[in-house]
Amino acid sequence: MVTHEADIIKIDKEYFLALNLQDNVLKIAITQDIPKDVQNVFNELILSLKNGVFKFLLKEQEDADIYYDIAKEYISQLNLELDNIYKEMNEYNLLDTDN
Amino acid sequence: MGYMKIDIHVHTKKTKQGDATTREIDAKKFHEIISSTEVKIVAITNHNVFDSTQYNEFVEAVGGAFQIWPGVELDVLEGDRKGHLIVVVSPEQANQLEEAIVKVSIDTSPDNFNISISKVISNFDKLNPLYIAHYQQKKPHLLDEDIEQIIASTSNKNRVLKEATNAVSAGIFISHGHASIYGSDLQNWEKYQSISKNLPDLRLPVESFEQFCLLLDKDQKAIDTLLDKKSHEKIIIKPFKDDSPLKLIVYDDINIFFGAKGTGKSDILTAIANYYSNKGIACSKFEAGSDTLEEVYDFNGKNLKPDLNDYDIDYCSKEIELIKNAQEVRITSLSKYINFHKGSQTNKKANKIKIKDFLEVDTKNSERQFKKIQTSDRKVKEFKEFIVQNTVIKGILTEEKFDTLILILTEAIQGLEEKSFEEFSNGKTAHLFNGIIEKFKKEVSRKTGAPTKPSETGFRKYAENRINIEIAAKTITVNINKKIKSTKDYVGNLDEKGDLYCKTEIAIQNGKFSDGKFKTIKKSIKKNTQKDFSKKIANIRDKVYTHDLFEEISELNQLEDIDKIPTILELLMFNKIFTTKDSEYKPSTGEASMILLHKELSEDKDVYILDEPEKSLGNEYINNVIVPLIKEKAKSGKKLFVATHDANIAVRTLPYNSVYRDHSQEGYKTYVGNPFSNNLVEIKGSQEKLDWKEVSMRTLEGGKEAFGERGQIYGNP
């Protein structure tokens, strides 16, 4: 399974979980609730799954803070769900055929 | 009781210099050739000679397979006029005929022989013969005055056949396009088979020369005897408003109803149709001009009820419902994670309860697997049952192999059942596990006031929702893009224009289809709604993983009359056209009438009921197509009830039954009769008799022509 890197980044005082896909960095805001943005990230993740299953690995931090804990939790759940959805897409022949 | 043909004029010998040798024939050949045709009565009429030896030889060879009447074709000389006169006598009189000819032709050869009309009468009339005069186009012919002389001096004027009226009375069905109305005047026996097809039919099954003569005399008893042989029945109907019963004898033949407009002919036909329908005999009244060809071929699509399964197309009702009702799934907000982490740091007791922090497990995979196993299990069981019941397979396989096959299938079923339980158990365990996590979370949260840990990011549910929409939209797209093969139904023949077909094209509105000629099959749905629906489905499919998805779904639900599209069936459109030679063709009113009537008569029924079939039809078509078709049906024993104003139909078909309706100051009257007796008798009260020919000529269109008063039935214009 392909493993992509995930990281916590700070932009203008706001923390984001950055999911590094090959050519695309998807950002989920941790310190604010913007469901629309999260949905857009999910849409991208589904489209990426069509090309093959993957998971994220959070970059280790020396001084882990609450955001790190949150991100770790979130990623571990997300990885499980990505795997489930990939299986389901495969079952329904929704994967891109050249994979 | 089939039709039979009569040939009252054949040559079997070359008797004159001018006779072709091809007129010669021996007994064996004579038997063979006549037997291969529908001719059942043949008169031997050689020029000025009757050879009783040949005649007897022929009679012996034929052995009763058909009737042979003795006769002669005499050269008649009246003043300076020469004409031919056929004299035919009863087979009982064959020898006397020969004697009479020998007597008048002493010292002459057949080439030089001639005889005056008075001598014909004095020598032949005692034999009670039929006289058939060459007349008009048939050369050399006698003049009217000569024929009048025969009629005046013969002992039975009914037996002088000269014109169609007498032929009709005799029940002879006049065929067109033949040089002689009464006989072939055969030149060459090699051609007899094809020539015989144009010979006249006898509508009544004449059994002897004597019976034929009785028919010419219009002898009621003889006619009744022959009519009685035909299947018939008595029917009682109540066609009129006053509920008065009408008793009719109807024949498995042509039953004609005629009379002026408004005399209730159509009501009688309706009552007859009901009479037979009530008896369970399929029949309906065909009314010319009541329906257009387009109506009959359902151009409005009223009866067009296609079943999509027939075209391997899914109705997609579940898919359409899913999309219409689809809603966005809420995802877990990140603040829940923050709240949980903040709260959990302050409550150490709650932290000890680890179960609440477990991740929820996937249940869907087990559910999917369980369904697949269940389907496989059902199918294998069905297959096993099929094999067990199938004697063919049992016969092909050895007993050992058959048992092995059953064993394998039994093992497979067993394995599937075990697997099925395993997956069922997995699914339930996962559900229970998730339920426990949920319960603990709630309880801990309730007791400590601390927020619960989110059990999922919401990605799975979010993705599942969209995946389901994608599958539904794709399924609909695949099905609405399937093509339905057009169908072609044979409608009828338009002579040189070729065969006419009704072509039905059915298309599914896939969002791109635009042909103004197509109409919606479901009338309550507008074409625009169909098109917008399919376009929206395409948009939904394309935007399933974008933020605009639910906006598209909302727009779909706002389409006018969207509720009227629960399945793909409502997206169907159709177009019907008539075609000839693969191009569109619009039949004229006359052509449409022709085809409808032809269609009615082409259907295999026992009872045909035709109300004024001649409407909008040309004489030529009536004569060349409809009359022969009606005759054909009668020939095969069908009952035909025809109300008509057309003499070609009422007279030339020589119906077994003619019903005449009349209205006068005395009220309505019904007369029944037939062409053979030439009578029409009032069925109630007075028993008043009318002359069938006179009434027919007076009331029917083309009556005079039908009786040949203008000579056209002689075949040449």
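Residue numbering restarts at 1 for every chain, and letters A, B, ... go by the order of the sequence lines.
For the atom pair B:Arg460 CZ and A:Asp83 CG, the distance stands at 12.0 Å (nearest 0.5 Å). Here A:Ile70 contributes atom CD1 and B:Asn339 contributes atom CG; the two are 8.5 Å apart, rounded to the nearest 0.5 Å. The CD atom of A:Gln39 sits 4.5 Å away from atom CD of B:Glu328, with the distance rounded to the nearest 0.5 Å. Atom CD of B:Glu464 is separated from atom OH of A:Tyr92 by 8.0 Å, given to the nearest 0.5 angstrom.
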- prompt: After noting the C-alpha distance and the side-chain angles of A:Lys50 and B:Glu470, does the key distance pass the salt bridge (Lys or Arg N to Asp or Glu O under 4.0 Å) rule?
  reply: CA-CA 13 Å; A:Lys50 289 198 171 213; B:Glu470 185 189 4; 2.7 Å; yes
- request: Walk me through it: do B:Asp362 and A:Leu80 pass the test side-chain contact (heavy atoms from CB on, under 4.5 Å)?
  value: CA-CA 8 Å; B:Asp362 176 48; A:Leu80 210 65; over 6 Å; no
A:Ile46 vs B:Phe459, side-chain contact (heavy atoms from CB on, under 4.5 Å): CA-CA, chis, key distance, verdict: CA-CA 9 Å; A:Ile46 299 167; B:Phe459 173 75; 3.8 Å; yes
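For B:Phe424, the CZ atom counts as loosely surrounded, since its 6.0 Å shell holds 12 or fewer non-hydrogen atoms of other residues, nucleotides or ligands. The number of heavy atoms from other shown groups lying within 6.0 Å of NZ (B:Lys318) does not exceed 12. Atom CZ of B:Phe513 has more than 12 heavy atoms from other residues, nucleotides or ligands within 6.0 Å. Residue-environment remark: NZ (B:Lys324) exceeds the threshold of 12 foreign heavy atoms within 6.0 Å. The 12-atom threshold is not exceeded at CD of A:Glu60, counting heavy atoms of other residues, nucleotides or ligands nearer than 6.0 Å. Counting heavy atoms of neighbouring residues, nucleotides and ligands inside a 6.0 Å radius, atom CZ of B:Arg330 does not exceed 12 of them. Residue B:Lys531 qualifies as enclosed at atom NZ: its count of foreign heavy atoms under 6.0 Å is above 12.
Only the side chain of A:Leu47 comes within less than 4.5 Å of a heavy atom of chain B; its backbone N, CA, C and O stay farther away. For chain B, the nearby part of A:Ile28 is the side chain; its heavy atoms alone come within less than 4.5 Å. Only the side chain of B:Gln369 comes within contact range of chain A, with heavy atoms under 4.5 Å apart. B:Lys372 touches chain A through its side chain: at least one heavy atom from C-beta onward sits under 4.5 Å away, while N, CA, C and O do not. Residue contact with chain B, scored on non-hydrogen atoms closer than 4.5 Å, involves the side chain of A:Leu49 exclusively.
Side-chain contact of A:Asn43 with B:Tyr462: a donor-acceptor pair under 3.5 Å is present, judged by distance alone.
Most heavy-atom pairs under 4.5 Å with chain B: of the set A:Ile30, A:Leu94, A:Leu78, this distinction falls to A:Leu94.
Of the possible donor and acceptor atoms, none in the side chain of A:Glu88 sits under 3.5 Å from a partner among the backbone N and O of B:Ile467. A donor-acceptor distance shorter than 3.5 angstrom exists from the side chain of A:Glu81 to the backbone of B:Thr457, with no hydrogens or angles considered. Using a distance-only test at 3.5 Å, with no hydrogens or angles considered, a donor-acceptor pair links the side chain of A:Asp33 to the main chain of B:Leu334.
Of all heavy-atom pairs between B:Arg368 and A:Asn84, the closest is NH2-O, 4.4 Å.
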